[in-house]
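Taking it in order: structure first as structure tokens, then the write-up.
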Amino acid sequence: MTCLELQPASLSCMLNTEIGAVLAVMRRNVRWGTRFTSADDQQEHSLIHSLKLLRKKLFTWRDHWHNIDPVIYLRPFLDVIQSEETGAPITSVALSSVYKILTLDFFDMDTVNVQDTMHFIVDAVTSCHFEVTDPASEEVVLMKILQVLLACTKCKASVALSNHHVCNIVETCFRVVQQTGAKSELLQRIARHSMHELVRSIFARLPELDSVCHELDSEGSLINHQIQQVNHDPILGSPHPDSNDNSPKYSTLSVTCSISNSSTPLVDGLTNGTATMDAVQYDSHLQNQQFGVPCMVEILQFLCSLLNIIEHADMSRKSNSLAFDEDVPFFALSLINSAIELGGASFQRHPSLLNLIQDNLFCHLMQFGMSMSPLILSMVCSIVLNLYQHLRTKLKLQLEAFFSSVILRLAQSRYGASYQQQEVAMEALVDFCRQKTFIMEMYANFDCDLSSKNVFEELINLLSKSAFPVNTPLSTMHILALEGLIAVIQGMAERAGVEHVGLGNTGITVEEYKPFWLFKCDGYDEPCHWVPFLRQMKYIKRRLMAGADHFNRDPKKGLEFLQSTHLLPGKLDAQSVACFLRYTSGLDKNIVGDFLGNHEEFCIQVLNEFAQTFDFKGMSMDTALRIFLETFRLPGEAQKIQRVLEAFSARYYEQSPHILANKDAALLLSYSIILLNTDQHNSQVKKKMTEEDFIRNNRHINGGNDLPRELLSELYRSICKDEIRITPEQGSGSCEMRQCHWIDLMQKSQNTSPYIAAAYKPYLDDDMFAIVAGPTVAAISVVFDHAEDEDVYQLCTDGFLAAAKIAAYLHLDSVLDDIVISLCKFTTLLNPSYLEEFLLAYSNDTRARMSTIAVFNIANSYGDCIRTGWQNILNCILRFYEFGFLSAFAVCDAADEPVFSATPGHVKSLANSSSSPHIQTSVAPKKPSGLMGRFSQLLSFETEEPISQPSEEDLAAQQCTKEIVQKCQINNIFTESKFLQADSLMHLVCAIVAAEKIQTESGYPEDEANATFCLDLLIAVTLNNRDRISLLWKSVYEHISNIVQSTMAPCALVEKAVFGLLRICQRLLPYKEDLVDELLRSLQLVLKLDARVADAYCEQITQEVGQLVKTNANRIRSQMGWRIILSLLAITARHPEASEAGFETLSFIMSEGAHLLPSNFVLCVDGARQFAESRVGEVERSVHALDLMSGSLTCLVRWALESQEVTNEDDAAMLFQDIGEMWFRLVQGLKKLCLDDREAVRNHALLSLQKCLSGAQDIHLSHNVWLQCFEVVMFPLLTDVLEIALGQSSKMYRNIEAMLVVAIKLLSKVFLLSFNEVMQLPTFCDLWITVLSQMETYMMVKIRGKKSEKLQELVPELLKNSLLIMKTRGVLIPGTGSGGDSLWEITWSHVNKIAPSLQAEVFSDADLDRGQHNQIKKEAIQASACVVSTPSNPVALEG
């Protein structure tokens, strides 16, 4: 609540209190007390009377206080303040009352007559008079004055102040600051603080002012710069009156702003001179206008004028001492900084303020930037930082000059800068680097500008060199420089995460010549325009600098090089060469001077064009000559000097014709200036030229007339004061910002390209990081190696991570690899040591622990871009595994699905560890290596002592290491490898393979465990990248193949290789149908195992193969794949442990034909045959195998039916042929088992064979298949059975007669089934004779010395059936054929030996007669045919 919101009576009471306070103090004074108590009211003093009169009126006011003129109740107090009769105590109380009225807002802008009121208060307080009674009371009054004036600018009615009164307030406050110099420390601090607050309150209003606000003319002045300084002491202040002097002293702050007032200067110089500024009459309208830009311009100009003491102080950089007082400039700079902080970006909306900052202020900042005072330098840097934040787009060249000429020079301790200067400059540089867009803007605006210096590159080089501790301990300066580098890197890293901008750096070349100084950007508002433009300019700049290097060695070759790069035309012209010499940095100025002064016609043309590139408008001749001669070294020969000065004079006269009559006058004057410069600054010249001599020497040179004396005097003084450097410094020039440099800079700023205020996006970060990366990573590594403080470790780690992020974002693989390799070195994990030594050292090494976390953070976050660095990372992982802090299961478990078939050799261990944490709870000690270590082990076997319990220190070290490993999340590297880019993934795989080979070749048991772990990692990566298995498969397979084929004895490594391969196939077959054959082909490695290895793991291999088949049988289609699978199963048929699992898998495939295919039918039948033949299992398994074989017939029948639906005849014929082949292989396999000495197996085989032979009628076999069946299966079977019956082995077979019976029955059955097909064969007769011969043999066989009755009965019956079929089909007909070779004759010749009565039983007499008649008729027809075919008697034939 403000006072205006209170009741009028409340305000009256407040004022009454203040009146009472003033009167009370006045009563204490004898003089005022006597007057107050006088009975004669007419004798009462006017001051007391006015206060008493105000008291009477207070409570009579009924209107709102807005309607009461504040002057009425302020006048009595202000009269007391202005009165010379009042002492300091009374004045102090009156000032307190006014301060209370202002701070409690008794009035505001809505109050009547508020403007006059504010002016009245300011006028009264600034003209305050009081009698000094004691120092303390005087200080109180001064403090109160400051309070009131400050309150005037902060109260609600402050906007009513005019520009004139605000300036008056500033003047008065500064006077108080002056007067406090010899007073108490407290008052000094209060005075300066009040001045700061005053400037802040004034410039805080700048953002609220409209840009079209009236501004003061450049020649106007509102502040009277002629304020008295009490003495010449360089401290801001005045001496206190002598305490022994009892005469009354009066203090006055009367200040008159009228120009007619002749007061003394505000600031006296540090010498006996004075720094004055002429005050000019200004527009009365602006003077009385509400305060705004005009008063701010004047205040800022006044503050800048305080910095002019540099002109009177000895600030020589070579003196290296504080020869001037830093108080005045520091105070002025701090006030300027306050103004800029509050005004901010609003300065650029007001040209008069902006021009003042661009020129006057920045020029002073450049000068004070080389101050030996760290305090002043720090304040200068703070001001420039604020200017950068708010006005950088308007200060392009000024900022470049400040950085290149001040900060970068001081920070590298050049030109005799002290350590304090260097430290302040480095701190400022780091502050700038922490600004988000600073680095990008430096690169974009200066490094990519042909006419600017490479500020960014110089900055990075400075920081990187300053961060290196070369043969010295790590210091604060090193850390500061490193902070700057890391700030640069972190800024890029933050931008890298913002978004990806599609303005990549494609190859930039210059294909044809175009004047490089004429290149223009299409627009600086859109990055799509200025980013490519800047990249092109940077490319040209690099080419120009390379050309400059060539030019410095040989000008001719340098120009030829530039022609080859299309930066100069194929046919040189003077203008292009002149622009190269003018705008290219790095040129040797001696070489340039000699080239320009050459007498050749082309060089003279280049010189004239070179002079045309300068703008001398508005410059004095000495300034123009200084600027001209800064760009090259003036040659020493007179003729060359003449040619150079002629070109200069022509250009100067062209742009300044109003001063000189002609260019000859300009030439003579320039010659005269050069001679004067030599005379004044050459130590060998003893008698110096006077001013009069110089004026006399230049008479009548201006077209026969004299030049103005003032002009010549000014030139003389300028040359005497500041030498024209005929031999300028090479490279970047002098450290000082001389006046001629500043004039040149201000002229260039009018035509320079716009400042690019880059958005916070990585537009140019790829170009910048290419410059930063190498020095930064090297500097961080060196500091990290030398540091001992944890904060520095963290700083370096942050730098590594930021650099890694950028490298990954920009796909700079080599940079990221360097970072990884460097960090791995710092982890100490690659250093050989024993476990106990390692644990204690590692747990106490902060750098090692932080490096470990950092390197695995990089591996997990930016693995995409790691290449060779994977090898180092893997070595660190192996070290953790070797010490027992990692387990293969913990690292690779995420690669397994819930249905997991572990390596059989480790099923239990893995199952037990499945619930264990990521880090094992116990740490296995490292086994000693080397000959002596192993020898000591052998010696210690007999005297082995109990293992000692670990100490608390050891346990703490173990726990610390476990926590580090947990933070590293090592398992994520492999489980998330599926997200790695292909190239990175292949490097990871190659690193794993290489690490495994190294461990394997060492031959130590502990290294074999490491090799096994590597193989686990390889398998995990393979399984996690099943979608990219084609990329990895070759490397993985070759590695596993080398292990399998090179191992001759069972070991953990080959076990892991074999089962890992099976696991890969099992896991990948469901997802990669196109690679099924490739994966299955790899299982051939299992078949190549050494016999001892295969025998050791046969059962487990069979289990894995069975699991593979059960889960992927539907996906295996090729014959090759099935051949490998069934070969693996068949091997187990005779293995005691593996046969059961193998037969189970085979049964799964063949049962009910579930997974039988044409591609695996023969293989399965052959496998089942081997299991049936095997004596390892029970007889029941062999019988089961026979059932599987016979049951497979149903598949053949089904396929035969399906083949009938095939429309293509060729395809159908091929299918029938394949089915016949499969059937034949089936019966062929069964035939082998029919001779088994196990009766149950033999009998079941015969039954199965019978079943398959009988089922052939549903398959429709060809006559060739039947013929093959007779020749390969039936006839050999009968022969073999007969041999068993007749040989010695018959004793091993029980019921041999039954075998013979079944065999002969099978023969008869097969003949009858196949008769329709085989009867068409040309060799049918031979087949039939063989059948008869077999029957005849079986008819005559004797078992144990006598013929078998069963066979005697069975064979004739079977033969009769065959004869009947042959008769029925018309194959066997009586009388057919002729001679003894006829089928009829042959048949009966054999049959009669078996059963003579069969002919009568099969053929009746009628059949025989009919057959004989048919035979005779047939012979007659054949005979007549022979007669007709012989034309011996054609006539007889015709009759």
Side-chain angles (χ1 to χ4, degrees), residues 381 385 407 411-412 419 422-436 438-439 456 459-470 472-497 765 768-769 771-809 815-816 818-828 842 844-862 964 967-968:
C381 292
L385 179 60
I407 292 293
Q412 55 188 325
Y419 179 83
Q422 185 182 1
E423 188 173 21
V424 172
M426 187 65 73
E427 289 174 346
L429 198 57
V430 173
D431 287 337
F432 276 101
C433 290
R434 291 190 176 111
Q435 311 306 309
K436 289 186 175 181
F438 171 76
I439 291 299
F456 171 77
L459 184 151
I460 295 303
N461 291 334
L462 167 65
L463 291 176
S464 58
K465 291 178 181 178
S466 301
F468 269 84
V470 182
T472 58
L474 200 62
S475 66
T476 306
M477 191 64 67
H478 297 134
I479 304 303
L480 263 177
L482 183 66
E483 287 179 356
L485 273 178
I486 292 178
V488 172
I489 292 296
Q490 287 178 331
M492 292 186 186
E494 290 177 9
R495 288 193 294 273
D765 282 3
M768 294 160 57
F769 191 69
I771 300 172
V772 175
T776 301
V777 173
I780 295 174
S781 299
V782 172
V783 174
F784 201 39
D785 192 26
H786 286 74
E788 297 178 355
D789 183 69
E790 187 170 347
D791 292 336
V792 180
Y793 291 154
Q794 187 61 53
L795 179 67
C796 294
T797 303
D798 293 341
F800 277 126
L801 293 176
K805 181 178 180 181
I806 305 168
Y809 176 77
V815 176
L816 193 59
D818 291 341
I819 295 171
V820 169
I821 293 169
S822 182
L823 280 172
C824 287
K825 179 189 71 174
F826 290 120
T827 62
T828 69
Y842 187 78
N844 294 322
D845 191 342
T846 304
R847 175 173 54 202
R849 298 196 307 272
M850 295 178 73
S851 301
T852 304
I853 295 174
V855 74
F856 284 105
N857 188 352
I858 292 173
N860 281 304
S861 302
Y862 315 117
I964 293 297
K967 291 179 181 178
C968 291

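Computed from a predicted model, the values in this text were never measured in an experiment. Start at 1 with the first residue, then count along the sequence.
- For the ring-ring contact (aromatic ring centres under 6.0 Å, His included) test, no residue two or more places apart in sequence or in another chain qualifies with Tyr862.
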Could you walk me through whether Val815 and Phe769 satisfy the side chain to side chain contact (heavy atoms under 4.5 Å, CB included) test, starting with their C-alpha distance in whole Å, then the side-chain angles of each, then the deciding distance to 0.1 Å, before giving a yes or no? CA-CA 10 Å; Val815 176; Phe769 191 69; 4.0 Å; yes
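- Put simply, CD1 on Ile407 and CE on Met426 are 10.0 Å apart, with the number rounded to the nearest 0.5 Å.
- Put simply, the side chain of Leu482 does not reach to within 4.5 Å of the side chain of His478, judged on heavy atoms.
- Atom CZ of Arg847 is separated from atom CD of Glu790 by 12.5 Å, given to the nearest 0.5 angstrom.
- The heavy-atom pair separating Met768 from Ile439 by the smallest distance is CE-CG2, 3.1 Å.
- Residues Thr852 and Tyr842 meet the side-chain proximity criterion, which asks for heavy atoms closer than 4.5 Å.
- Of all the heavy atoms in Ala854 and Leu823, the pair that sits closest is CB-CD1, 4.0 Å.
- No donor-acceptor pair closer than 3.5 Å links the side chain of Ser861 to the backbone N or O of Ile858.
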Indicate every side-chain donor-acceptor pair of residues 777-788 with a distance under 3.5 Å to a residue at least two apart or in another chain.
residue: Ser781; atom: OG; partner: Val777; partner atom: O; Å: 2.8
residue: Ser781; atom: OG; partner: Ser822; partner atom: OG; Å: 2.9
residue: His786; atom: ND1; partner: Val782; partner atom: O; Å: 2.8

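- Formation of a donor-acceptor pair under 3.5 Å by the Arg495 side chain with backbone atoms of Lys436 is found in this model.
- Across all non-hydrogen atoms, the minimal contact from Phe468 to Pro775 is CE1-O, 4.5 Å.
- Interatomic distance, SG of Cys381 versus CG of Leu429, reported as 9.0 Å (0.5 Å rounding).
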Can you check side chain to side chain contact (heavy atoms under 4.5 Å, CB included) on Thr828 and Asp845, steps first, answer last? CA-CA 9 Å; Thr828 69; Asp845 191 342; 3.8 Å; yes
Just distance, no hydrogens or angles: give the donor-acceptor pairs under 3.5 Å from side chains in residues 795-806, sequence neighbours left out.
residue: Thr797; atom: OG1; partner: Tyr793; partner atom: O; Å: 2.8
residue: Asp798; atom: OD1; partner: Gln794; partner atom: NE2; Å: 2.9
residue: Lys805; atom: NZ; partner: Ala493; partner atom: O; Å: 3.2

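- Leu816 CG to Ile821 CD1: the interatomic distance, rounded to the nearest 0.5 Å, is 10.0 Å.
- Put simply, SG on Cys433 and CG on Leu463 are 5.5 Å apart, with the number rounded to the nearest 0.5 Å.
- With rounding to the nearest 0.5 angstrom, the CE atom of Met477 is 4.0 Å from the OH atom of Tyr419.
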